[in-house]
Undergrad: 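After the structure tokens below, expect a handful of questions from me.
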Amino acid sequence: MMGIAEKLANAKKTDWVSEGFSEAEVKTMIELAKISARIERCRINMQMTQKEFADYMGVTHGMVSKWESREYNFTIKTLNEICQKIDLELSVSLEKPCVKSDYTIFRWDSERVATKHKKSGWATFLPNKEAIA
């Protein structure tokens, strides 16, 4: 099984960053990047070097470097331990994604909306923005 770094190294030139990766791999890279960036931002906000942060977290400097590399594959246990130490809340969502067919799209009828809501007194219609405030 080829790792992400190896796939990137062997990838053919393309304008599309995600070409050659499965949807799950792209999602994984994005989520790992978000997690790594949040940990790094917390460390920076704490005004700590990676070494100082490693001492604070009870891990090696190399481990913090891996966390911030955007490639470390965190376990739920590790994430919970990190979050507890840096005052973050871990939230994992396993819900089905929304698709366009889940929603009914209504055509915006600015005249009807303006007339209806002008009479109600609870809203103001902004015709130049086609919005209700």
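Every value quoted in this text rests on a predicted model; they were computed, and no experiment measured them. Every heavy atom of this structure was used, including side-chain atoms; hydrogens, water molecules and symmetry mates were not.
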Undergrad: Sequence neighbours excluded, which residues qualify as salt bridge (Lys or Arg N to Asp or Glu O under 4.0 Å) partners of K66?
TA: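 Applying salt bridge (Lys or Arg N to Asp or Glu O under 4.0 Å) to K66 gives none.
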Undergrad: Please enumerate all residues that pass side-chain contact (heavy atoms from CB on, under 4.5 Å) together with E31, with sequence neighbours excluded.
TA: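 Result, side-chain contact (heavy atoms from CB on, under 4.5 Å) vs E31: K27, K34.
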Undergrad: Using atom types as modelled, flag every donor-acceptor pair under 3.5 Å from a side chain in residues 56-63 to any protein atom, sequence neighbours excluded.
TA:
| from | atom 1 | to | atom 2 | distance (Å) |
| --- | --- | --- | --- | --- |
| Y56 | OH | K85 | O | 2.9 |
| T60 | OG1 | M63 | N | 3.0 |
| H61 | NE2 | Q50 | OE1 | 3.1 |

Undergrad: Which residues satisfy the side-chain contact (heavy atoms from CB on, under 4.5 Å) test with L79, sequence neighbours excluded?
TA: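 Only I35, F74, L90 meet the side-chain contact (heavy atoms from CB on, under 4.5 Å) criterion with L79.
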Undergrad: Grab the two heavy atoms, one from Y72 and one from L32, that are nearest each other, plus how far apart they are.
TA: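 In this case the closest contact between Y72 and L32 is O-CD2, 3.0 Å.
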Undergrad: With sequence neighbours excluded, tell me which residues meet salt bridge (Lys or Arg N to Asp or Glu O under 4.0 Å) with R70.
TA: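 R70: salt bridge (Lys or Arg N to Asp or Glu O under 4.0 Å) contacts with E40.
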Undergrad: If you look only at pairs with a residue in residues 50-62, which of them pass as a salt bridge (charged side-chain N to carboxylate O under 4.0 Å, His left out), with sequence neighbours excluded?
TA: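 Matches after skipping sequence neighbours: K51-D55.
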Undergrad: Does one hydrophobic cluster hold both L88 and M46, with members joined at side-chain heavy-atom distances below 4.5 Å?
TA: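 Cluster IDs for L88 and M46 match.
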Undergrad: When rounded to the nearest 0.5 angstrom, what is the spacing between CD in E25 and CD in E23?
TA: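 Rounded to the nearest 0.5 Å, the CD-CD separation comes to 11.0 Å.
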Undergrad: Scan for salt bridge (charged side-chain N to carboxylate O under 4.0 Å, His left out) pairs involving residues 86-95, sequence neighbours excluded, and state none if there are none.
TA: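 Every candidate salt bridge (charged side-chain N to carboxylate O under 4.0 Å, His left out) pair involving residues 86-95 fails, so no pair, neighbours aside, qualifies.
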Undergrad: Quick one: side-chain hydrogen bond (donor to acceptor under 3.5 Å, both in side chains) partners of T75, sequence neighbours excluded?
TA: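 Applying side-chain hydrogen bond (donor to acceptor under 3.5 Å, both in side chains) to T75 gives T78.
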Undergrad: Suppose we screen for salt bridge (Lys or Arg N to Asp or Glu O under 4.0 Å). Which residues come up paired with K96, at least two apart in sequence or across chains?
TA: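 With neighbours one apart ignored, the set is empty.
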Undergrad: Please identify each residue that fulfils side-chain hydrogen bond (donor to acceptor under 3.5 Å, both in side chains) with S69, with sequence neighbours left out.
TA: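 With neighbours one apart ignored, the set is empty.
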Undergrad: Are I44 and I39 joined in one hydrophobic group, where the rule is that I, L, V, M, F, W and Y side chains link up if heavy atoms are under 4.5 Å apart?
TA: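 Different clusters: I44 never reaches I39 through Ile, Leu, Val, Met, Phe, Trp or Tyr contacts under 4.5 Å.
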